[in-house]
Protein chains: 2
Amino acid sequence: MKPTIRDVAKMAEVSISTVSRVMNSPESVIESKRARVLEAIEKLQYQPNSFARGLIYKKSFTLGLLIPDIENFYYTGIIRGMQDACIKLGYSLMICNTDRDKNRLLAYIDAFHEKQVDGIVFASDVMFPEYYEKLVRCKIPFVLLSTHSDEFEVPCVEIDDEEAAYDAVKFLIDLGHRDIGMIGFNHENSISGPPRYQGFIRALEEAGLEHNREKIRYATHRFEHAYHAAHELFTDYPDTTAVFCVADEFAMGVISYLKDRNILVPGQVSVVGFDNLRIANMFIPKLTTIAQPMYEMGCRAAEKLHELVTTGSVEVLREKMEHKLIVRESSRQR
Amino acid sequence: MKPTIRDVAKMAEVSISTVSRVMNSPESVIESKRARVLEAIEKLQYQPNSFARGLIYKKSFTLGLLIPDIENFYYTGIIRGMQDACIKLGYSLMICNTDRDKNRLLAYIDAFHEKQVDGIVFASDVMFPEYYEKLVRCKIPFVLLSTHSDEFEVPCVEIDDEEAAYDAVKFLIDLGHRDIGMIGFNHENSISGPPRYQGFIRALEEAGLEHNREKIRYATHRFEHAYHAAHELFTDYPDTTAVFCVADEFAMGVISYLKDRNILVPGQVSVVGFDNLRIANMFIPKLTTIAQPMYEMGCRAAEKLHELVTTGSVEVLREKMEHKLIVRESSRQR
DNA sequence: CTTTTCGAAGAAAACCTTTTCAAAGCGATT
DNA sequence: AATCGCTTTGAAAAGGTTTTCTTCGAAAAG
């Protein structure tokens with residue numbers, strides 16, 4: 001049986017109030033008793049019961065993180081950042097993987113509610129009214145990560161997707177490419193899909209390359225889809241010399257496809273990815289890509305959530321993080 | 001204010017006991033009242049307070065998972081499996097990433113203890129006496145995953161590392177290779193290091209290829225180390241025609257090194273990996289590798305822990321999972 | 001028609017801690 | 001000597017649930 005505060009009190013021959021005080025405001029109890037209590041705590045290996053504590057404080061000192069797909073390398077960086085921030089701020093972290101399943105996500109919110117997490121970071125997914133209302137009804141504070149909501153006023157941490165996509169495409173154009181394709185996210189069920197598309201278009205228009213507008217194929221997160229999308233793209237537009245991919249995993253899919261078709265990357269076709277996953281630097285060829293500061297974003301999300309939880313509001317609603325183009329081996333001057 | 005069982009009772013005009021019964025043994029309360037209670041619960045969006053519950057049950061219905069490095073792709077499969085099993089079994093899951101830091105790991109155990117997790121899955125790391133004793137003192141049940149302990153009697157789920165390594169090397173030998181190197185885990189701080197080494201040696205001896213005994217270089221988990229280890233190996237033994245790597249990430253490092261040296265894989269050198277990460281199928285060339293059933297191992301670990309938590313013991317102490325050689329593109333007949 | 005039995009539901013205790021309130025002790029002030 | 005104020009301590013309430021113990025009433029048995 002786990003020792004309770006009562007056992008400590010008995011051993012130290014004081015009341016339980018005194019034991020509690022020793023732990024929470026030690027200066028208020030006289031030296032001699034304090035020493036006895038501390039000794040008893042040590043001897044019994046006493047650890048306060050967090051359930052009893054939670055009952056009183058109405059706080060669990062736990063944050064929840066909701067991610068769509070833990071097998072997506074993108075989230076591992078986020079998790080590390082958030083976990084480190086949680087340690088600093090004194091929280092535990094509960095990570096849940098929704099597998100992009102609506103019901104599962106809803107169930108996790110219930111679980112979080114029941115476990116009384118102090119707040120939730122909601123990563124990447126679209127904030128459907130259903131989710132929003134549930135969260136509000138449960139009165140759980142939350143912040144969005146790598147996503148935002150136009151419909152509701154929710155704090156978020158993200159990069160400028162439009163600008164980042166623009167930078168990537170501009171880079172390809174500056175390299176001399178005139179026939180540029182794109183592998184994008186489907187616009188429904190995706191927040192970063194539209195702005196990245198916009199960035200692509202803006203870069204094209206600025207350079208008078210509107211004839212590429214239609215060279216877009218869509219994929220849904222996974223390598224295999226991107227491989228297939230690349231097949232479609234190059235079947236329809238075999239003269240394409242550069243492809244902008246909205247995810248590194250897509251870039252790998254495209255490069256694999258080109259490899260199978262014996263098209264050289266970057267020799268014949270340049271490919272730019274997005275995210276700068278750890279794998280981007282391990283792939284052959286190493287990927288040119290738009291880097292997102294995943295670790296920092298995880299940290300910021302946790303800090304922002306902490307701010308929201310403790311003060312009830314946040315100073316800046318939408319926080320933009322810096323992206324950066326990283327040039328490696330998958331792109332080349334035309 | 002969150003609604004409590006009291007509010008539900010008032011609205012349904014019954015006692016709190018009845019409300020409690022509706023939730024825990026509905027058949028014991030009469031239809032009419034049950035309906036009223038259910039309605040009130042629905043209307044108030046009532047959710048029982050898990051602190052109060054925990055206080056009574058002395059259970060948190062939460063399991064902890066301790067992993068050394070979340071950026072290692074190996075663990076994402078494990079996490080998915082374990083999380084799915086947890087859902088089935090009615091647990092929440094708390095994942096902690098130790099970054100292979102002893103103090104951090106110890107701190108997480110404290111956190112788990114304080115949060116009263118019902119049990120812990122301890123993945124991949126060496127079970128140092130320090131950890132073991134702490135866990136025992138805290139009376140937290142735990143199982144080992146992808147590791148085991150010779151020193152202590154702890155339930156575990158793992159594959160047969162010796163056999164798996166043997167299979168991989170045997171495969172290379174059967175392919176006609178006579179000059180085979182290995183990139184292994186350092187033996188200190190690694191559980192699977194020694195048996196995989198043994199498997200390598202056994203396969204060599206069986207084929208009368210003992211002259212390869214020394215062709216081993218070590219790396220510590222990361223791609224870059226493996227790249228460097230490959231450099232050492234091929235500098236010392238330039239005639240090597242096949243490399244057995246104890247991790248897919250090592251295989252990628254080796255292949256990257258060979259690529260930089262303009263040595264073709266599998267044209268001139270065959271490379272076999274270990275784990276069958278998702279990335280093994282995305283890499284160029286796709287990796288021949290030993291598959292571990294990561295998802296199933298995560299599941300089994302959770303189930304086993306559940307068994308341990310609920311019954312106090314497990315039926316089979318050391319559970320062996322099946323591995324399997326997957327032949328892809330990084331290996332070829334010599 | 002009375003007694004027994006059984007089902008349903010309420011009251012209250014228990015789980016463990018923090019915190020408020022009250023009391024006791026004691027030196028200092030009037 | 002009585003009062004005041006201060007420090008230190010203990011008693012008790014509060015937090016929300018489950019569960020045991022009782023009670024009440026109705027149905028079954030005699």
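In what follows, chains carry the letters A, B, and so on, assigned in the order in which the sequence lines appear, proteins first and then strands, with residues in each chain numbered from 1. Everything numeric in this text was worked out from a predicted model, so none of it was measured.
- If one axis is set at each end of the helix from C:dC1-D:dG30 to C:dT30-D:dA1 from five pairs, those axes are 60° apart, to 10°.
- Using a 4.0 Å cut-off between charged side-chain N and carboxylate O, B:Lys102 and B:Glu130 make a salt bridge.
- For A:Arg278 and B:Phe73, the positive end sits near the middle of the six-membered ring, less than 6.0 Å away and at most 45° from its axis.
- Residue pairs satisfying the salt bridge (charged side-chain N to carboxylate O under 4.0 Å, His left out) criterion with at least one member in residues 22-33 of chain A, sequence neighbours excluded, are listed as follows: A:Glu31-A:Arg34.
- The existence of a salt bridge linking B:Asp84 and A:Arg104 is confirmed by a sub-4.0 Å separation between a basic side-chain nitrogen and an acidic carboxylate oxygen.
- For B:Glu133 and B:Arg137, the salt-bridge test fails: no basic side-chain N is under 4.0 Å from an acidic carboxylate O.
- For residues 141-154 of chain B, the pairs satisfying salt bridge (charged side-chain N to carboxylate O under 4.0 Å, His left out) are B:Asp150-B:Arg318, with sequence neighbours left out.
- For B:His148, the ring-ring contact (aromatic ring centres under 6.0 Å, His included) criterion is met by no residue, not counting sequence neighbours.
- Cation-pi check for B:Arg300 over B:Tyr295 is not met; the charged atom does not lie both under 6.0 angstrom from the ring centroid and within 45 degrees of its normal.
- Whole-Å rounding puts the B:Lys10 NZ to C:dG10 P distance at 15 Å.
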Please enumerate all protein N or O atoms sitting under 3.5 Å from an N or O of nucleotides 25-28 of chain D, with distances to 0.1 Å.
none

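- A:Asp110 CG to A:Lys115 NZ: the interatomic distance, rounded to the nearest 0.5 Å, is 12.0 Å.
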**OP:** Give the B/S/- string for nucleotides 9-19 of chain D, one per nucleotide from 5' to 3', where a protein heavy atom under 4.0 Å of the base yields B, of only the sugar-phosphate yields S, and otherwise -.
**Re:** BBBB--BBBBB

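- Classification of A:Arg80 and B:Asp69 as a salt-bridged pair fails, no side-chain N sitting under 4.0 Å from a carboxylate O.
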